[in-house]
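Step one of this worksheet: look at the structure below.
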Amino acid sequence: MTALRSHPRFVSLEGGEGAGKTTVLHALRDALRAEGVAVVNTREPGGTPLAEMIRNLLLDPAHEPPAAETELLLMFAARAQHVRETIAPALERGAWVISDRFTDSSYAYQGGGRGLDVGLIAELERRVVGLQPGLTLLLDVDVAQGRERTRGRDLAPGGNGPDRIERERDEFFERVRATYRARAAAEPQRFRVIDASQPAQAVATAAVAQLRAWRDGAA
Ligand code: Z5A
């Protein structure tokens, strides 16, 4: 694969910690299924058995911390598998695919957060992934507000505690957020930015409205 192809039935959700992607993922799936449309919900890193194993290597704080470059390449190794085994087959069957995170996360976290070369990320995207969502919904929320939400979840009884990346400092997540916002501003035809500081139901309603508007406009 050497070119980047956009697919109109491929939608990604992006955002920082506690943006509320999980609720939105379910709301988008339910809205499409109510119209009789086949939908595959998936996530990154992950989405296939092998990619989920890579996810565990990446996020479990018990493992040796990967170098930034190792982290980037493992994200792309998982993504290469995810695209070939889950996303492309679903799109070929005619289903919609909604992914909780995709390549924009690598630009935001490994590019913005870790400071890795954006040219390298773009090269990996073009040569290893070759696919881009037709629509990307960016759930944008203030870093402190988002982290407060995940802290509540992680520290609740039965919570798993913060994963390795969640343990980063606020400055890291400020760079992640700034990178997302810059990417959204640079690609307004693909991105829709949703104010994720609202209550969860309002965020989900806004996301469903954006998906419908985009689909009806793209059809
Ligand atoms: N990562 C990367 O670095 N590079 C890459 O290329 C890729 C990923 C693909 C994935 O772990 C980590 O991998 C992630 C990026 C990195 N880093 N971190 N940290 P993950 O999937 O486990 O983490 P996440 O995607 O960030 O999940 P999250 O923190 O849970 O965010 P979320 O899915 O958007 O939030 P949520 O689960 O829907 O909600 C979190 C809590 O907030 C929960 O208790 C909700 O009830 C509450 N919540 C959600 N929305 C609201 C609203 N609107 N009001 C009040 N409370 C809310």
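Read the numbers this way: they start at 1 and go in the same order the structure lists the ligands and their atoms. The structure displayed is predicted, hence computed values, not measured ones.
Under 4.0 Å from ligand 1, not a single heavy atom of Ala202 appears. Only the side chain of Arg79 comes within 4.0 Å of ligand 1, judged by heavy-atom distances. At a heavy-atom distance under 4.0 Å, no atom of Thr103 approaches ligand 1.
Within a 4.0 Å radius of atom 46 (O) of ligand 1, the protein contributes no non-hydrogen atoms.
Atoms CD and CG, on Gln81 and Leu50 in that order, are 5.0 Å from each other to the nearest 0.5 Å. Between atom CG of residue Leu116 and atom CG of residue Leu72 there is a gap of 5.5 Å, rounded to the nearest 0.5 Å. Separation of atoms CZ (Arg101) and CZ (Arg79) is listed at 10.5 Å; rounding is to 0.5 Å. Taking CG from Leu211 and CD1 from Ile98, the interatomic distance works out to 6.5 Å, rounded to the nearest 0.5 Å. Note that CG of Leu57 is 8.5 Å distant from CG of Asp60, once rounded to the nearest 0.5 Å. Between atom NE2 of residue His7 and atom CZ of residue Arg5 there is a gap of 6.0 Å, rounded to the nearest 0.5 Å.
Among Lys21, Gln201, Gln110, the residue whose heavy atom sits closest to atom 3 (O) of ligand 1 is Gln110. With atom 26 (O) of ligand 1 as the reference point, the heavy atom nearest to it among Glu148, Gln198, Glu166, Arg101 is part of Arg101. Nearest residue to atom 8 (C) of ligand 1 from Pro162, Ala200, Gly18, Pro45 is Pro45 (criterion: closest heavy atom). For the residues Arg149, Glu17, Met75, the heavy atom positioned nearest atom 1 (N) of ligand 1 is part of Met75.
In this structure, Arg55 counts as a contact residue of ligand 1, since one of its heavy atoms falls inside 4.0 Å of the ligand. Heavy atoms of Pro199 approach ligand 1 to within less than 4.0 angstrom.
Looking at Glu14, its side chain does come within 3.5 Å of a backbone N or O of Phe102 through a donor-acceptor pair.
Side-chain contact check for Tyr180 and Arg175: no donor-acceptor pair (N or O, by modelled atom type) lies under 3.5 Å.
The atoms of ligand 1 that sit less than 4.0 Å from any heavy atom of Thr150 are 29 (O). Those atoms of ligand 1 with a heavy atom of Glu44 less than 4.0 angstrom away are 9 (C). Ligand-side atoms of ligand 1 in range of Thr22: 33 (O), 36 (P), 37 (O), 38 (O), range being under 4.0 angstrom from any heavy atom. The atoms of ligand 1 that sit less than 4.0 Å from any heavy atom of Ser106 are 5 (C), 6 (O). Short contacts between ligand 1 and Ala19, defined as distances under 4.0 Å to a heavy atom of the residue, involve ligand atoms 34 (O).
Considering backbone and side-chain N/O atoms, Gly20 comes within less than 3.5 Å of an N/O atom of ligand 1.
The protein non-hydrogen atom at the shortest distance from atom 12 (C) of ligand 1 is Leu59 CD2, 3.9 Å. Residue, atom and distance of the protein heavy atom nearest to atom 7 (C) of ligand 1 are Ser105 CB, 3.4 Å. For atom 28 (P) of ligand 1, the closest non-hydrogen atom of the protein is Arg153 NH1, 3.8 Å. Nearest non-hydrogen protein atom to atom 16 (C) of ligand 1 is Ile165 CD1, 3.8 Å.
Between Arg177 and Glu174 there is no salt bridge, since no side-chain N of the basic residue sits under 4.0 Å from a carboxylate O of the acidic one. A salt bridge does not link Glu168 with Arg147: none of the charged nitrogens is closer than 4.0 Å to a carboxylate oxygen.
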- Task: Given side chain to side chain contact (heavy atoms under 4.5 Å, CB included), test Arg9 with Val37 step by step and report yes or no.
- Result: CA-CA 11 Å; Arg9 277 184 280 102; Val37 170; over 6 Å; no
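For the pair Arg183 and Tyr107, the distance from NZ or CZ to the six-membered ring centre is under 6.0 Å and the angle to the ring normal is within 45 degrees.
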